[in-house]
Peer 1: 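Submitted below is the structure of interest, expressed as structure tokens.
For reference, positions follow the sequence shown, starting with 1.
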Amino acid sequence: MYRFYWEKIDEEHALLMGPEDGDVAAVVVMDPGDPELMDSEWRVMSQSYRLLNFREEDTSIPLERIQRRTIILLGQELHGRKKDLEDAMSSVLSMLFGEAEEGA
């Protein structure tokens, strides 16, 4: 079954699971950085979804807002993939029907 869901580890770490059981779509983690440089940040990382690789320097944002932003970006990426797939299908169909007309 294809579905996405969150596994919240703690207030500074969560996993976006899916679309298939056991798949990790993205990891959200609070990176403490160097205490002297005060360069902590939220990091979102994904091997499967390009848009789900980002950093947020405002660490006052709660995990839930980072999760929401991640879901919005996931929706944008999936929408783009759907459009690309529809364009590819349209091209294939036009080739099939074009070949059928040429052979007639």
Peer 1: State whether the side chain of D10 and the backbone N or O of E12 hold a donor-acceptor pair below 3.5 Å, judged by distance alone.
Peer 2: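 Looks like yes, one N/O pair under 3.5 Å.
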
Peer 1: Which residues satisfy the salt bridge (charged side-chain N to carboxylate O under 4.0 Å, His left out) test with R81, sequence neighbours excluded?
Peer 2: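 In terms of salt bridge (charged side-chain N to carboxylate O under 4.0 Å, His left out), with neighbours along the sequence ignored, R81 is linked to E77.
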
Peer 1: If two hydrophobic side chains count as joined below 4.5 Å and joins carry through other members, does V27 share a cluster with Y49?
Peer 2: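 No.
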
Peer 1: Can you tell me how far CZ of R43 sits from CZ of F54, rounded to the nearest 0.5 angstrom?
Peer 2: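 Between atom CZ of F54 and atom CZ of R43 there are 12.0 Å.
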
Peer 1: E7: what forms a side-chain contact (heavy atoms from CB on, under 4.5 Å) with it, not counting sequence neighbours?
Peer 2: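 By the side-chain contact (heavy atoms from CB on, under 4.5 Å) rule, E7 matches Y5, L15, M17.
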
Peer 1: If you look at every heavy atom in L74 and L52, which pair is closest and at what distance?
Peer 2: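 Taking L74 first and L52 second, the nearest heavy atoms are N-CD2, 3.6 Å.
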
Peer 1: Please identify each residue that fulfils side chain to side chain donor-acceptor pair (under 3.5 Å) with E64, with sequence neighbours left out.
Peer 2: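 In terms of side chain to side chain donor-acceptor pair (under 3.5 Å), with neighbours along the sequence ignored, E64 is linked to K8.
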
Peer 1: So, taking the atom named CZ in R3 and the one named CG in D21, what distance separates them when rounded to the nearest 0.5 Å?
Peer 2: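 Answer for the CZ-CG pair, R3 versus D21, is 7.0 Å.
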
Peer 1: Let me check something: do I9 and V24 share a hydrophobic cluster, defined by ILVMFWY side-chain heavy atoms less than 4.5 Å apart, either directly or through other members?
Peer 2: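 Both belong to a single hydrophobic cluster.
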
Peer 1: Who passes side-chain contact (heavy atoms from CB on, under 4.5 Å) against I72, sequence neighbours left out?
Peer 2: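 Here the qualifying residues are R68, Q76.
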
Peer 1: Looking at D87, is its backbone amide N or carbonyl O close enough to the side chain of S91 to form a donor-acceptor pair, meaning the two atoms are under 3.5 Å apart?
Peer 2: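 No; judged by distance alone, with no hydrogens or angles, the pair does not exist.
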
Peer 1: I need the minimum non-hydrogen distance between F4 and A25, along with the two atoms involved.
Peer 2: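 Of all heavy-atom pairs spanning F4 and A25, the closest is CE2-CB, 4.0 Å.
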
Peer 1: Show me, pair by pair, the donor-acceptor contacts under 3.5 angstrom made by side chains of residues 56-63, not counting sequence neighbours?
Peer 2:
unit_1	atom_1	unit_2	atom_2	d
E56	OE1	R69	NH1	2.8
E56	OE1	R69	NH2	3.3
E56	OE2	D58	N	2.9
D58	OD1	S60	N	3.0
D58	OD1	S60	OG	2.5

Peer 1: Determine whether W6 and L78 fall in the same hydrophobic cluster, where Ile, Leu, Val, Met, Phe, Trp and Tyr are linked whenever their side-chain heavy atoms lie under 4.5 Å apart.
Peer 2: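 Yes.
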
Peer 1: Once salt bridge (charged side-chain N to carboxylate O under 4.0 Å, His left out) is applied, do any residues pair with R65, and if so which ones, sequence neighbours excluded?
Peer 2: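 Salt bridge (charged side-chain N to carboxylate O under 4.0 Å, His left out) list for R65, sorted by chain: empty.
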
Peer 1: Please round to the nearest 0.5 Å and tell me the distance separating atom CE of M30 and atom CD of E41.
Peer 2: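 These two atoms lie 9.5 Å from each other.
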
Peer 1: Give the minimum heavy-atom separation between E20 and Y2, together with the two atoms involved.
Peer 2: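 Nearest heavy atoms, E20 then Y2: CG-CE2, 3.3 Å.
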
Peer 1: Between atom CD1 of I66 and atom CZ of R55, what is the distance when rounded to the nearest 0.5 Å?
Peer 2: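 So the CD1 of I66 and the CZ of R55 are separated by 13.0 Å.
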
Peer 1: Honestly curious: do V29 and L16 fall in one hydrophobic cluster under the side-chain, below-4.5 Å linking rule?
Peer 2: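 Cluster IDs for V29 and L16 differ.
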
Peer 1: Looking at every heavy atom in both S40 and P32, which two are closest together, and how far apart are they?
Peer 2: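 Looks like CB-O, 3.3 Å.
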
